[in-house]
Participant: 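This is the structure I want to talk about, given as structure tokens.
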2 protein chains.
Amino acid sequence: MNKAEILIIDDEPQIRKLLQINLESNDYKVIQASNGKEGLILAANHPPEVILLDIGLPDKSGHEVLKELREWYNKPIIILSVQDNETDIISALDNGATDYLTKPFRTGELLARIRSAIRRSQNTTNNSSIVCGDIEIDFVARIVKRKGEIVKLTSTEYNLLILFAKNEGKVLTHQFILKEIWGYGYQTETQYLRVFVGTLRKKIEENYNNPQHIITESGVGYRFE
Amino acid sequence: MNKAEILIIDDEPQIRKLLQINLESNDYKVIQASNGKEGLILAANHPPEVILLDIGLPDKSGHEVLKELREWYNKPIIILSVQDNETDIISALDNGATDYLTKPFRTGELLARIRSAIRRSQNTTNNSSIVCGDIEIDFVARIVKRKGEIVKLTSTEYNLLILFAKNEGKVLTHQFILKEIWGYGYQTETQYLRVFVGTLRKKIEENYNNPQHIITESGVGYRFE
DNA sequence: TATTCCAATATAAATATTTTATAAAAATTT
DNA sequence: AAATTTTTATAAAATATTTATATTGGAATA
């Protein structure tokens, strides 16, 4: 029994109907909005477990809705997009979307993606702490422990670790990390990142010549495990 | 029971007859056109599941027909060509043809290619993940797994694999691949491609002396299965 | 049919280039 | 002044390109 609530924001009634049938038959409770404004109101009144958002709304409001949602909503937002609209997808992911699906999609994959998103979000946002192997992060107290011992981190180091931990298993590009931690205009300062990844590794890796947590993806970015 | 419709566009009546007999005995419904104009009309009136197009028509109209078709038709177009007309084949593939067969062809091969093309066109939803046999690509996480294990790819290798995976089953010419991965001006550097196909095969093929995923189409390019 | 030859492809290895890691100095913030 | 961040410099590692050589498969020849 799930009964987790899912909000669908899409202007196409057929898509909403299709989603509704599939989701309800899998024990999700479905709420629907046919435009961005309505979606924002519904989400605010009764925050759902997952939001499915059509990014390619005719009035281009999908991107704005995503940004507005992300100002306060930190559960999964899965983007729905028509095929061949890669630009939309990439910009959505950079703006905090959790995942995406292109229409037409297979039901099996949709359900799998929803399950995976919920699982991940329960590991992170819901709880006030994350445990990744020997690393333990307490968001409320802003404390990080390694094998039970408190690790002293500077605020940049801490922010970086949080960003990694919230995106466990995902490759984060240099650009993305720099934008998230330092803000726009810093996206080319890759050296900052190297320095801080270095200090973080020294503090959280067992053997920092052979990092097990922060993995380098040469030419691309880093991945946290 | 298939009853998928196949449109043949070829000026040689013997070839049309031969194809018709073979295809109908395999439960396909066959429509025929003896020239490009007729073919375009038939295709527009009743879009078939696959089009077999003779590219080497005497008046060279095959190429034009292909281009016109590709403006709206996105199902498989398999090129028929006389042997030794590699230029024709390559230009057709670069213009969006799915596959090719050289006359005279073996019936078994023809049928296999048609089946494969149909299968592919039915699941081309380019989604946030692709599964091809034991290979699994997650675009969001930017991670490739083989039998569940993460495969470490360099960024060029990854880009190449993505290009292949997004065009599964389709023959990609050297030129096309080089243009997509390295950009204009690199279209003659076929050796780059060989080196990278080599390293990719080592990483994703079970037995890389007998590649099952990246298939060589000698003189033309590669195909991903 | 078997053999030779050729062009295309594959592989290995050397070199060049780019990217990353690290230390440490300088600047800034607390 | 201490802690932290930014900048600079340099070493090390990873990746890409180039070169050399081997292998393969098809066409031509005997």
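Note that this is a predicted model, so its numbers are computed, not measured. The figures here come from the full heavy-atom set of this structure, side chains too, leaving out hydrogens, waters and symmetry mates.
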Participant: C:dT19 P sits how many Å from A:Ile215 CD1, rounded?
Facilitator: 21 Å
Participant: Check this one for me: any side-chain N or O of B:His174 less than 4.0 Å away from OP1 or OP2 of C:dA8?
Facilitator: no
Participant: Using a cut-off of less than 4.0 Å, is there contact between a side-chain N or O of B:Thr154 and OP1 or OP2 of D:dA14?
Facilitator: no
Participant: Looking at the side chain of B:Glu189, which of D:dT18, C:dT11, D:dT7 is the nearest nucleotide?
Facilitator: D:dT18
Participant: Looking at C:dA10, I'd like to know if its phosphate oxygens (OP1 or OP2) sit under 4.0 Å from a side-chain N or O belonging to B:Tyr222.
Facilitator: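 True: B:Tyr222 side-chain N/O within range (under 4.0 Å) of C:dA10 OP1/OP2.
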Participant: Any Lys/Arg nitrogen of B:Lys103 or B:Glu12 sitting under 4.0 Å from an Asp/Glu carboxylate oxygen of the other?
Facilitator: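 B:Glu12 and B:Lys103: salt-bridged.
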Participant: What's A:Tyr208 touching, base or sugar-phosphate or nothing? Going by heavy atoms closer than 4.0 Å.
Facilitator: sugar-phosphate
Participant: Will you find, in the side chains of B:Asp94 and B:Thr173, an N or O donor that is under 3.5 Å from an N or O acceptor?
Facilitator: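 Side chains of B:Asp94 and B:Thr173: pair found under 3.5 Å.
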Participant: Roughly how many Å is it from CG in A:Asn210 to P in C:dT22, rounded to a whole number?
Facilitator: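 It works out to 12 Å between those atoms.
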Participant: B:Tyr192 OH to C:dA16 P: how many Å, rounded?
Facilitator: 14 Å
Participant: Any side-chain donor paired with an acceptor under 3.5 Å for B:Ser129 and A:Arg113?
Facilitator: yes
Participant: Send over the distance from A:Ile214 CD1 to C:dT22 P, rounded to a whole Å.
Facilitator: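 Distance, rounded to whole Å: 11 Å.
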Participant: Counting any heavy atom closer than 4.0 Å, what does B:Thr156 reach on the DNA or RNA strands: base, sugar-phosphate only, or nothing?
Facilitator: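 Sugar-phosphate: the residue B:Thr156, judged by heavy atoms under 4.0 Å, touches backbone atoms but no base.
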Participant: Are B:Lys166 and B:Phe139 in a cation-pi setup, meaning NZ or CZ lies under 6.0 angstrom from the ring centre and within 45 degrees of the ring axis?
Facilitator: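 Yes - B:Lys166 lies over the ring of B:Phe139, closer than 6.0 Å to its centre and within 45° of its axis.
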Participant: Tell me which nucleotide among C:dT20, C:dA10, D:dA16 gets nearest to the side chain of B:Arg194.
Facilitator: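 Among C:dT20, C:dA10, D:dA16, the one nearest the side chain of B:Arg194 is C:dA10.
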Participant: Does A:Thr216 put a side-chain nitrogen or oxygen below 4.0 Å from OP1 or OP2 of C:dT20?
Facilitator: no
Participant: Answer yes if the side chains of A:Glu68 and A:Tyr73 hold a donor-acceptor pair under 3.5 Å, and no otherwise.
Facilitator: no
Participant: Looking at C:dT19, does its base get a donor-acceptor pair with the side chain of A:Glu217 below 3.5 Å?
Facilitator: no
Participant: If the cut-off is 4.0 Å, is A:Thr199 near the phosphate of D:dT5, judged by side-chain N/O to OP1 or OP2?
Facilitator: no
Participant: Give a yes or no on whether a donor-acceptor pair under 3.5 Å exists between the nucleobase atoms of C:dT19, that is its base, and the side chain of A:Gln191.
Facilitator: no
Participant: If you check every side-chain atom of A:Lys152, which of C:dT20, C:dT9, D:dT4 has the closest atom?
Facilitator: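 Looking only at heavy atoms from C-beta outward on A:Lys152, the closest nucleotide is D:dT4.
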Participant: Whole angstroms only, please: what is the CG-P distance between A:Leu178 and C:dT20?
Facilitator: 11 Å
Participant: Counting the atoms with a prime plus P, OP1 and OP2 as sugar-phosphate, which does B:Val197 contact under 4.0 Å by heavy atoms, base, sugar-phosphate, or nothing?
Facilitator: nothing
Participant: Tell me whether the side-chain N/O atoms of B:Trp182 come closer than 4.0 Å to OP1 or OP2 in D:dT17.
Facilitator: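 Affirmative; the distance criterion is met.
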Participant: Please determine if a side-chain N or O atom of B:Asn209 lies less than 4.0 Å away from the OP1 or OP2 oxygen of D:dT23.
Facilitator: no
Participant: Using atom CG of B:Leu200 as one end and atom C1' of D:dA16 as the other, report the distance to the nearest whole Å.
Facilitator: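 It works out to 14 Å between those atoms.
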